[in-house]
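Reading through the C-alpha cells given below for one structure.
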Amino acid sequence: DSVFTNVVRAPEDPILGVTVAYNKDPSPVKLNLGVGAYRTEEGKPLVLNVVRQAEKLLVNDRSRVKEYLPIVGLADFNKLSAKLILGADSPAILGNLVTTVQCLSGTGSLRVGAEFLARHYYQRTIYIPNPTWGNHGKIFTLAGLTVKTYRYYDPVTRGLNFQGVLEDLGSAPSGAIVLLHACAHNPTGVDPTREQWEQIRRMIRSKSLLPFFDSAYQGFASGSLDEDAQSVRMFVADGGECFIAQSYAKNMGLYGERVGALSIVCRTADVATRVESQLKLVIRPMYSNPPIHGASIVSTILKDRNLYQEWTLELKAMADRIITMRKQLFDALRARETPGDWSHIIKQIGMFTFTGLNTKQVTFMTTEYHIYMTSDGRISMAGLSSRTVPHLADAIHASVT
Ligand SMILES: Cc1ncc(COP(=O)(O)O)c(CN[C@@H](CCC(=O)O)C(=O)O)c1O
C-alpha cells in the first residue's frame with residue numbers, strides 16, 4: 001500500500017474553501033461573498049482596460065523574450081513599486097535606502113520577508129492584529145517566527161480598540177516585529193485615523209519595534225493611491241526601518257498573475273545592498289526567480305503617464321462601486337427595519353464588511369439563502385450587485401430576527 005497511507009485529509013482553507021463550497025451549490029440564487037476578489041455589477045471578474053492595453057503592447061513588442069528574470073525580479077517593476085507605495089519624492093528612495101524584490105504577490109512578499117527576518121533579525125516574535133487575514137499567522141509561523149497578537153477590533157463599537165493597540169504594543173518586548181495593515185484592514189474594514197497612526201508610530205519607534213506593513217489594497221480603501229499609502233509614508237518619513245509587502249492582485253486585478261513586491265527600508269544604502277544580497281539567498285532555493293508576465297504588465301502601466309492616469313480612474317471606479325454597495329445594503333436593512341445598528345456597513349472601508357454575524361447566523365445564511373461568506377461574518381462587498389443586495393438583506397434580516 002501507499003507510503004502516504006497515514007496522510008490525513010486537510011480541511012479546506014477558511015477563505016478559499018468558501019469558493020469551493022459555492023461552486024458545488026446548484027442554487028440559482030447563490031451568492032459568493034467569500035473571497036476578496038472584485039466583481040462587476042454583472043457579477044463578473046474584471047480585467048482592467050489598462051491591463052488589456054498593456055498586454056497588447058507586450059504581445060506586439062517583438063523584442064520581448066521569455067528569459068529568466070534575475071532572482072530579485074524585474075528591475076523596472078521593483079523601482080516603480082517602491083515609488084508607488086513610498087511616493088516618487090521619497091527621501092528613502094532618493095537616498096538609496098530601499099531594497100525591493102519582486103515576489104509572488106502579497107503572500108510571497110510576506111513569506112520572503114518573514115524568512116529573511118527569521119534568519120537575520122534578533123527578535124523572532126511578530127505581533128499580528130486580532131483579528132487579521134487568516135493566512136498571516138501561518139505564513140509567519142512556518143517561516144520560523146513566534147506569532148503573538150495585539151488587540152485591534154472592538155466588537156462592541158465595531159470600531160478600533162485603540163487603547164488595546166497601544167497597551168499591547170506598549171507591553172511588547174523591545175524590538176518585536178509588528179504587522180500593520182497599510183489600509184483597508186482585513187477582515188474588519190476598520191483603519192486607524194491619521195492621528196491614531198501617528199500615536200502608533202511614536203509607540204513603535206519609542207520601543208524600537210520593527211513595523212512590517214502589508215499593503216494589499218492600496219487605492220481600494222479611499223480610491224486614492226497616495227491617500228492609502230499615508231500610513232506607510234509616515235513611518236518612512238521618520239527615517240526608521242520598515243518592511244513593506246505589496247500586492248497588485250486587487251488594485252490592478254492581477255489575482256492569478258501573482259504580482260507583488262517586498263521592500264525593506266534601511267538606515268543606510270550600504271545596509272540596503274547587503275540586505276538585498278541576503279534576500280537573494282532566501283529566494284533562490286524557494287523559487288529561483290519570479291514570473292515575468294504580470295510584472296511586465298505592472299511596469300508597462302506604471303511607467304506610462306496615460307496608462308497610469310487611466311488606471312487611477314479604473315481603480316477609483318472599483319472603490320466607488322464598493323461604496324455604493326455599502327450604501328445600498330445599509331438602506332435595504334433600514335427599509336426592512338432589521339434589528340440592530342448597521343451603520344458599520346457604511347463606516348467600514350475597503351473590500352470587506354465585518355458584519356458582526358456569528359458562526360450560527362453565517363451557517364443559517366448559507367443553508368437557507370445560499371449566501372457564501374467566511375465563518376467570521378466577513379462579506380466581500382465586491383461580490384454584491386444592485387440586483388443581489390435585496391437577497392442578502394433578506395438573509396441578514398432573517399438571520400437576526
Ligand atoms: C491583508 C492581505 N494581505 C495579503 C493578501 C494576499 O494576497 P495575494 O493574492 O497573495 O497578493 C490578502 C488577500 N486576501 C484576500 C484574497 C483571498 C486570499 O488569499 O485569502 C481575502 O482575504 O479574501 C490580504 O487580504
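Start at 1 and go down the list; that is how both ligands and their atoms are numbered. The analysis underlying the following values was restricted to heavy atoms, covering all of them including side chains, and did not include hydrogens, waters or symmetry mates.
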Below 4.0 angstrom from a heavy atom of [X], which ligand 1 atoms are there? Numbered from 1 as shown, please.
{"X": "Gly106", "value": "8 (P), 10 (O), 11 (O)"}
{"X": "Gly36", "value": "21 (C), 23 (O)"}
{"X": "Val35", "value": "17 (C), 23 (O)"}
{"X": "Arg258", "value": "8 (P), 9 (O), 10 (O)"}

Whether over 12 other heavy atoms sit under 6.0 Å from [X] [atom1]:
{"X": "Phe4", "atom1": "CZ", "value": "no"}
{"X": "Arg119", "atom1": "CZ", "value": "yes"}
{"X": "Lys79", "atom1": "NZ", "value": "no"}

Of the choices Tyr248, Tyr255, Tyr217, which has the non-hydrogen atom that lies closest to atom 15 (C) of ligand 1?
-> Tyr217
Where [X] and [Y] come nearest, the two heavy atoms and their spacing:
{"X": "Met351", "Y": "Arg326", "result": "C-NH2, 4.2 Å"}
{"X": "Ala54", "Y": "Thr300", "result": "CB-CG2, 3.9 Å"}
{"X": "Trp197", "Y": "Ala182", "result": "CZ2-O, 4.0 Å"}

Looking only at protein heavy atoms, which one is nearest to [atom], and what is the separation?
{"atom": "atom 10 (O) of ligand 1", "answer": "Thr107 OG1, 2.6 Å"}
{"atom": "atom 8 (P) of ligand 1", "answer": "Ser105 OG, 3.4 Å"}
{"atom": "atom 7 (O) of ligand 1", "answer": "Lys250 NZ, 3.2 Å"}
{"atom": "atom 3 (N) of ligand 1", "answer": "Asp214 OD2, 2.6 Å"}
{"atom": "atom 18 (C) of ligand 1", "answer": "Trp133 NE1, 3.7 Å"}

May I ask you to identify, for Arg378, whether its side chain, its backbone, both or neither come under 4.0 Å of ligand 1 on a heavy-atom basis?
-> side chain
Single hit among Arg194, Arg201, Gln196 for side chain to side chain donor-acceptor pair (under 3.5 Å) with Glu198 = Arg201
Stepwise side chain to side chain contact (heavy atoms under 4.5 Å, CB included) test for Ile297 and Tyr248 | CA-CA 11 Å; Ile297 294 172; Tyr248 289 92; over 6 Å; no
